[in-house]
Structure formats: C-alpha cells, structure tokens
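Worksheet for the structure shown next.
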Amino acid sequence: MIRFGLCCIFKEQPIKFRRTTVKYLSNFSVQEQQNRLSALCLANAKNLLKALEFCHQHNIGCFRINSQILPLKTHPDIGYSVADLPDSEKIMETFRACGLFSIQHNIRTTFHPDQFIILSSPNPDVVSRSIADLEYQAQVAQWVNADVINIHAGGVYGDKASALNRLKKEIEMLSDPVRQRLTLENDDRCYAPEDLLPVCSEMNIPLTYDLHHHRCFKDRFRVEQATELCLATWNREPLVHISSPKNGWESPDHRNHHDYIDLNDMPDFWLAMNVDMTIEVEAKAKELAVLKLMKDL
C-alpha cells in the first residue's frame, strides 16, 4: 500500500498553525509571555487534530508536522518547558489525543526540522542548538506517535569526509527518543544517496529518498537502484519524497518546487512495487496537490 503525505500547512483549508517572534514577545512581562506562548501551543495542538481529521476524511495517510508546532520552544531567551506553561496539561492532553487519533485511523506523522538543524557543523553552538531542537521535536513525537524526524546532513565545509564523521559522532550521542526516529535525507547540493548510504548502514539510520533532490544532484545510482537501496535501510515503513520543478527540467535551476506534481515525475515502478511506502508530496499547493495527485493516479 502506498500512502501519500501532506506537508505541514494548508493552501485553502482554514487550518492554521500560529507563530510569534521574540521581538513581539519582548513587549510583555515574563508571565504574559508564558500566557501567550501557552495559548499558541494549545491552538496549534488543536489545529493539528483538525489537520489529522482532514487527512482521515480525504484518505491522506500521512501528515508532516510543522517543526515550529511549539513556537520558540528552544530559543535562548524565550525558550520554555511545556510543563511550565499555564495550559500545560491541556496542551499535552491535546497532543496525545492527536496521537490516539493517528493510531485509530492509521495516519502516519513525521517531522522534518528546519534547515538550520546541522549535526555536521564544525561550530559547537550550532550543533548544541540543533540537538536541543531535535530533543523538543522528539518530545512532541512521543505525544503524537510520530515515527520520523528527518534531517539533512548539512554542509561539506571543504571536507565531506570530516563532515560526515562529525555527523556520525553526534548521532551516536543523541538520546534514544531522537535516535530511534532519526532519518537522513539526500539533498540537492551536497549529499547524494551514495554519500549517505554508508553512514545509514553504519549507524543503522534509515535514508529518506528525495527523488527530486537526486535528479538535481546525481550520483552513480539510477533512480531504480537508489530507491531499492534506500528502502532497504528502513526497519519500518519506508518514506520517500516527490516533487516537480517549478519551471520544468529544462530551466537553468530546477530546484524550486512546483505547485503540483507532474505525473511524468512519478516513477511507474514506485506504483508497481509490492511494498508499503509513504510518499510525502512536497508541492506548493499543499492539500490541493496531494488530492490532485491521488485523483490523477
């Protein structure tokens, strides 16, 4: 069975995930900051449940949770523990309700932290902040029953081998809640599947195969080979990404995503494989793109 995944936000549905800024919150007392953050977290938890309900109603089998579902959670000045917020019990209760709903209706949930999560960075501060973010997302993942926290390997920093060694070292030090959900993804500039497959094998970490990225940043593997090798790294249902270039493959830069998926970009053999798999749809039209792709197929 193939399930399709909706990523983070909606194009037309009135389901919004709220954010705030440090600049805005700095206008208020510490107590009022806590009140406002608490209200945001609770609203986002409630809207996550609405998002999962939408997915269930429309046979969308996976939802990627916005990495800022708890706004400014790890910020050095504004950061907080959910347990200290005024609505802490209600916030955690609502997230756990999301987890129960996802189990009851077989909806997979995942995380894909922001691009500044870089475990391979030579800067200890960047790594420390990255780990803090991963820990927070793992906490929410436990509440909502998410089984994936997917990250990129980061930059090359002039020495790819050294960067990958730093990555492996940091992965070894991660807590169990993060480590058991962690996956790596090939990107469109630095790390192709052939760069990450040895790391995934050594560290027992699944590789999330991004087909668009692989087409932008090629290696020695054909799409069929890369798919099979990446799927073999998973000890649970494999996850892959699909997207189409905004201006077509003939444009000078085909990294930007289109509003929708061109059926020509969907490998026929993905649909023919006798394997359970999640395909997250990375398209600007969000739920409209997922629903259109499902209908077209």
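One is the number of the first residue; the rest follow in order along the sequence. All figures in this text were calculated on a predicted structure; none of them were measured in a lab.
In the hydrophobic clustering of ILVMFWY residues, with side-chain heavy atoms under 4.5 Å counting as a link, Leu197 and Tyr191 come out together. Placement of Ile65 and Phe116 within a single hydrophobic cluster is found when ILVMFWY residues are connected by side-chain heavy-atom separations under 4.5 Å, directly or transitively. In the hydrophobic clustering of ILVMFWY residues, with side-chain heavy atoms under 4.5 Å counting as a link, Leu211 and Leu263 come out together. Under the 4.5 Å side-chain heavy-atom criterion for grouping Ile, Leu, Val, Met, Phe, Trp and Tyr, Ile279 is not connected to Val148 through any hydrophobic cluster. Phe111 and Ile103 sit in two unconnected hydrophobic clusters of ILVMFWY residues. Membership requires side-chain heavy atoms under 4.5 Å apart, directly or through other members.
At distances below 3.5 Å, at least one donor-acceptor pair connects side-chain atoms of Arg255 with backbone N or O atoms of Asp188. Side chain of Glu32 to main chain of Ser29: no donor-acceptor pair is present (N/O by atom type, distance under 3.5 Å, no hydrogens or angles). Side chain of Asn145 to backbone of Leu100: no donor-acceptor contact under 3.5 angstrom is found. Looking only at distances, a side-chain donor or acceptor of Arg236 sits under 3.5 Å from a matching main-chain atom of Asp147. Listed for the Lys160 side chain is a donor-acceptor partner under 3.5 Å among the backbone atoms of Cys190. With Glu287 contributing its side chain and Glu12 its backbone, the two residues share a donor-acceptor pair below 3.5 Å. Distance alone, capped at 3.5 Å, places no donor-acceptor pair between the Asp133 side chain and the Ser130 backbone. Using a distance-only test at 3.5 Å, with no hydrogens or angles considered, no donor-acceptor pair links the side chain of Ser88 to the main chain of Asp84. Side-chain atoms of Asn47 never come within 3.5 Å of backbone atoms of Ile15 as a donor-acceptor pair (strictly under, hydrogens ignored). Side-chain atoms of Ser243 never come within 3.5 Å of backbone atoms of His212 as a donor-acceptor pair (strictly under, hydrogens ignored).
Side-chain contact between Leu184 and Leu167: present, with at least one pair of heavy atoms (C-beta onward) separated by less than 4.5 Å. In this structure the side chain of Leu72 reaches within 4.5 angstrom of the side chain of Leu25, judged on heavy atoms. The closest side-chain heavy-atom distance from Arg166 to Leu119 is not below 4.5 Å. Using a 4.5 Å heavy-atom cutoff, the side chains of Tyr209 and Asn186 are in contact. The closest side-chain heavy-atom distance from Tyr80 to Gln34 is below 4.5 Å. Glu280 has its side chain out of reach of Asn150: every pair of non-hydrogen atoms, C-beta onward, lies at least 4.5 Å apart.
The CG atom of Asp276 lies 5.5 Å from the CD atom of Glu237; values are rounded to the nearest 0.5 Å. Here the CD1-CZ distance, from Ile151 to Arg181, works out to 14.5 Å after rounding to the nearest 0.5 Å. Note: Met266 CE to Leu271 CG = 5.5 Å, rounded to the nearest 0.5 Å. Residue Cys41 holds its SG atom at 9.0 Å from NZ of Lys73, rounded to the nearest 0.5 Å. With rounding to the nearest 0.5 angstrom, the OG1 atom of Thr208 is 11.5 Å from the CD1 atom of Ile149. Remark: Ile2 CD1 to Thr278 OG1 distance equals 9.5 Å, nearest 0.5 Å.
The two atoms that bring Thr183 and Trp234 nearest to each other are CG2-CH2, 3.5 Å, heavy atoms only. The two residues His254 and Pro245 have their closest heavy-atom pair at O-CB, 3.4 Å. Heavy-atom minimum distance, Ser67 versus Pro113: CB-CA, 3.9 Å. Residues Phe63 and Cys8 approach most closely at CZ-O, 3.5 Å, considering heavy atoms. Shortest non-hydrogen contact noted between Ala39 and Asp87 is N-OD2, 4.4 Å. A pairwise comparison of heavy atoms in Ile118 and Gly155 identifies CG2-N, 4.4 Å as the closest pair.
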Discussion item. Using the rule given for salt bridge (charged side-chain N to carboxylate O under 4.0 Å, His left out), can you reason through Arg189 versus Asp187, listing the C-alpha separation, both sets of side-chain angles and the distance that settles it, and then say yes or no?
Written reply: CA-CA 6 Å; Arg189 295 182 187 274; Asp187 62 66; over 6 Å; no

Item to complete: Give the C-alpha distance, both sets of side-chain angles, the deciding distance and a yes or no for side chain to side chain donor-acceptor pair (under 3.5 Å) between Glu185 and His112.
Response: CA-CA 10 Å; Glu185 177 190 342; His112 191 3; 3.0 Å; yes

Discussion item. What verdict does the salt bridge (charged side-chain N to carboxylate O under 4.0 Å, His left out) test give for Glu282 and Arg64, after you've listed the backbone C-alpha separation in whole Å, the side-chain angles of each residue and the deciding distance to 0.1 Å?
Written reply: CA-CA 10 Å; Glu282 297 188 323; Arg64 181 192 295 175; 2.8 Å; yes

Discussion item. For a salt bridge (charged side-chain N to carboxylate O under 4.0 Å, His left out) check, start with the C-alpha distance between Glu93 and Lys90, then their side-chain angles and the critical distance, and finish with the verdict.
Written reply: CA-CA 5 Å; Glu93 176 187 316; Lys90 186 64 175 177; 3.6 Å; yes

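Cation-pi geometry between Arg36 and Phe28 is satisfied (NZ or CZ under 6.0 Å from the ring centre, within 45° of the ring normal).
Classified by interplanar angle (parallel below 30°, tilted 30° to 60°, perpendicular above 60°), the ring pair His56/Phe101 is perpendicular.
Ion pair Arg215/Asp265 flagged as a salt bridge, since at least one NZ, NE, NH1 or NH2 atom sits closer than 4.0 Å to an Asp/Glu carboxylate oxygen.
Heavy atoms from other residues, nucleotides or ligands lying under 6.0 Å from NZ of Lys168 number more than 12. Around the CG atom of Asn204, the shell of radius 6.0 Å holds no more than 12 heavy atoms that belong to other residues, nucleotides or ligands. Counting heavy atoms of neighbouring residues, nucleotides and ligands inside a 6.0 Å radius, atom CD of Glu250 does not exceed 12 of them.
With ring centers used as reference points, His213 lies under 6.0 Å from His152.
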